[in-house]
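These notes are about the structure you will find just below.
Both counts, for ligands and for their atoms, begin at 1 and track the order of listing.
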Amino acid sequence: MRATSILIQACFIVAQVASYSTGIQNTGSNAYWLSFLTDNDDVDKVLSDAESSGLRIMRVWGFNDVNTVPSSGTVYFQLLQDGKATINTGSDGLERLDYVVSSAEQHNIKLIINFVNYWSDYGGMQAYVSAFGGSLTSWYTDSASQEAYQNYIKTVISRYIDSPAIFAWELANEPRCSGCDVSVIHDWVASTSAFIKSIDSAHLVCLGDEGFGLDIDSDGSYPYGYSEGTNFTLNLGIDTIDFGTFHLYPSNWGVSNSFGSPWIAAHGAACAAAGKPCLAEEYGVTSDKCSVEGGWQATALDTSGIGADTFWQFGDDLSTGESPNDYYTIYYGTDDYTCLVTDHVAAI
Ligand SMILES: *[C@@H]1O[C@H](CO)[C@@H](O)[C@H](O)[C@H]1NC(C)=O
């Protein structure tokens with residue numbers, strides 16, 4: 001029973017992302033904060049609104065690292081302190097992620113769950129560095145940090161290894177190794193993804209990178225370069241990485257919005273050449289969302305090699321008020337939502 005259901009699930013997921021040759025087949029979003037909510041009804045509302053809109057994928061943070069125990073009632077998943085890692089499996093810990101996974105099962109939503117942040121939001125690699133020493137560039141090879149990171153991965157995967165709601169395990173959010181040789185991140189991706197496959201061979205694995213470091217159709221701008229220590233094509237070639245990921249934030253990267261569509265096309269070409277589908281995993285602008293992001297969606301829709309897209313980020317009304325607004329948020333029920341979700345789903 002168990003083996004059969006895993007197999008059926010794996011086939012379904014692979015068929016979803018693998019049928020990418022004519023452009024995107026599925027769409028979804030990001031709601032990093034979903035696993036930090038403390039009210040089950042809020043989690044259900046978000047996933048119910050997503051489901052009724054036709055969104056199929058939701059990417060959430062599977063990490064929440066701290067260096068000191070926060071005040072009571074504040075959710076955290078792992079305490080990293082004085083060279084020791086303690087995973088919080090309690091009601092203000094991984095039980096919150098448990099609820100997201102069970103709610104996703106009820107709402108036919110597939111989750112992308114990642115294991116660490118490059119940025120210091122919700123701890124990130126810096127939280128490991130604070131507890132174990134080293135730096136943001138040595139983190140990838142630091143044995144104490146990597147041991148804690150892998151143990152955390154194993155703990156999370158073990159909880160949901162049989163869940164039909166897992167779309168993919170993701171190594172990190174936007175990993176960078178500034179100024180490093182691209183072999184540093186490559187070697188870390190190879191060993192971590194192989195480790196994940198050794199625990200769970202039925203689910204897909206992806207990296208969560210921004211897509212930096214690409215020579216196909218490069219315009220010579222910063223995002224195509226290798227200064228952040230990643231080579232998109234090199235990492236995509238790793239056997240235990242099942243599909244590619246890339247992000248798109250022109251204003252953060254010092255390029256114009258018209259940079260977006262060629263960036264999508266270039267990654268589609270790299271993915272098609274590698275024989276693996278890609279996910280346009282995060283994209284956003286803070287103004288003129290409908291026209292700018294709508295244009296990118298139209299490009300992705302017709303780009304071979306792009307299997308799905310997940311905009312940054314989903315917004316909704318919660319019992320505590322509006323979900324986090326980082327100015328990229330597209331709230332359920334707004335005109336931007338109609339343009340970028342309802343119309344996009346209809347186009348797919
Ligand atoms: C990136 O990786 C590709 C594929 O392995 C390789 O052809 C290319 O030379 C690499 N570029 C750099 C700068 O590492």
Side-chain angles (χ1 to χ4, degrees), residues 14 17-18 20-21 23 112 114-116 118-119 125 134-142 145-146 168-198 204-250 252-255 259-283 299-300 303-309:
V14 169
V17 287
Y20 63 91
S21 55
I112 296 177
N114 56 17
F115 299 120
V116 72
Y118 168 72
W119 308 104
M125 294 176 191
S135 67
L136 285 180
T137 51
S138 69
W139 182 87
Y140 298 93
T141 52
D142 182 88
S145 281
Q146 291 304 309
W169 304 120
E170 183 170 279
L171 269 54
N173 176 51
E174 302 190 336
R176 294 180 176 188
C177 190
S178 191
C180 303
D181 191 274
V182 296
S183 64
V184 175
I185 283 191
H186 168 271
D187 292 353
W188 167 77
V189 175
S191 61
T192 308
S193 57
F195 174 72
I196 293 171
K197 290 288 186 185
S198 77
L204 301 174
V205 177
C206 63
L207 174 53
D209 59 316
E210 294 156 287
F212 292 160
L214 185 63
D215 54 9
I216 294 178
D217 297 331
S218 171
D219 64 6
S221 63
Y222 155 75
Y224 284 94
Y226 302 86
S227 62
E228 301 295 354
T230 56
N231 179 336
F232 180 78
T233 320
L234 183 67
N235 295 330
L236 187 60
I238 295 169
D239 280 352
T240 40
I241 289 294
D242 296 301
F243 62 93
T245 49
F246 65 95
H247 298 179
L248 174 53
Y249 291 109
N252 294 355
W253 298 347
V255 292
F259 165 93
S261 283
W263 177 251
I264 293 166
H267 285 81
C271 298
K276 292 182 183 179
C278 284
L279 170 66
E281 185 180 66
E282 288 189 23
Y283 57 89
T299 300
T303 300
S304 296
I306 311 290
D309 74 306

Checklist entry - For T233 and ligand 1, does the shortest N/O to N/O distance drop below 3.5 Å? => result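 Between T233 and ligand 1 (N or O atoms, distance only) the closest approach is not under 3.5 Å.
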Item to check | Parallel, tilted or perpendicular: ring planes of H267 versus F246, cut at 30 and 60 degrees | outcome: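 Rings of H267 and F246: parallel, under 30°.
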Item to check | Shortest non-hydrogen contact between V255 and S221, atoms and distance | outcome: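 Scanning both residues, the minimum pair turns out to be CG1-CB, 4.0 Å.
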Checklist entry - In ligand 1, which numbered atoms sit nearer than 4.0 Å to a non-hydrogen atom of V182? => result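 Those qualifying, in numeric order: 14 (O).
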Next on the checklist: Which of the numbered atoms in ligand 1 are under 4.0 angstrom from any heavy atom belonging to N231?
Outcome noted: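 That gives atoms 1 (C), 2 (O), 3 (C), 8 (C), 10 (C), 11 (N), 12 (C), 14 (O) of ligand 1.
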Next on the checklist: Could you check whether K276 pairs with D239 (Lys NZ or Arg NE/NH1/NH2 to Asp/Glu carboxylate O, under 4.0 Å)?
Outcome noted: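 Salt bridge absent between K276 and D239.
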Checklist entry - Would atom 11 (N) of ligand 1 count as contacted, meaning some protein heavy atom under 4.0 Å? => result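 So atom 11 (N) of ligand 1 has protein heavy-atom neighbours under 4.0 Å.
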Checklist entry - Given the protein's heavy atoms, is any one of them under 4.0 Å from atom 5 (O) of ligand 1? => result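 Under the 4.0 Å cut-off, atom 5 (O) of ligand 1 does have protein heavy-atom neighbours.
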Checklist entry - At what distance is the nearest protein heavy atom to atom 7 (O) of ligand 1, and which residue and atom is it? => result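 Looking only at protein heavy atoms, the one closest to atom 7 (O) of ligand 1 is D215 OD2, 4.9 Å.
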Next on the checklist: I need the single residue from F232, Y249, Y222 that forms a ring-ring contact (aromatic ring centres under 6.0 Å, His included) with F212. Which is it?
Outcome noted: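 Between F212 and the candidates, ring-ring contact (aromatic ring centres under 6.0 Å, His included) is satisfied uniquely by Y222.
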Next on the checklist: Please determine whether ring pair (Phe, Tyr, Trp, His ring centres under 6.0 Å) holds for the pair Y224 and F259, giving the CA-CA distance in whole Å, both sets of side-chain angles, and the decisive distance to 0.1 Å.
Outcome noted: CA-CA 11 Å; Y224 284 94; F259 165 93; 5.8 Å; yes
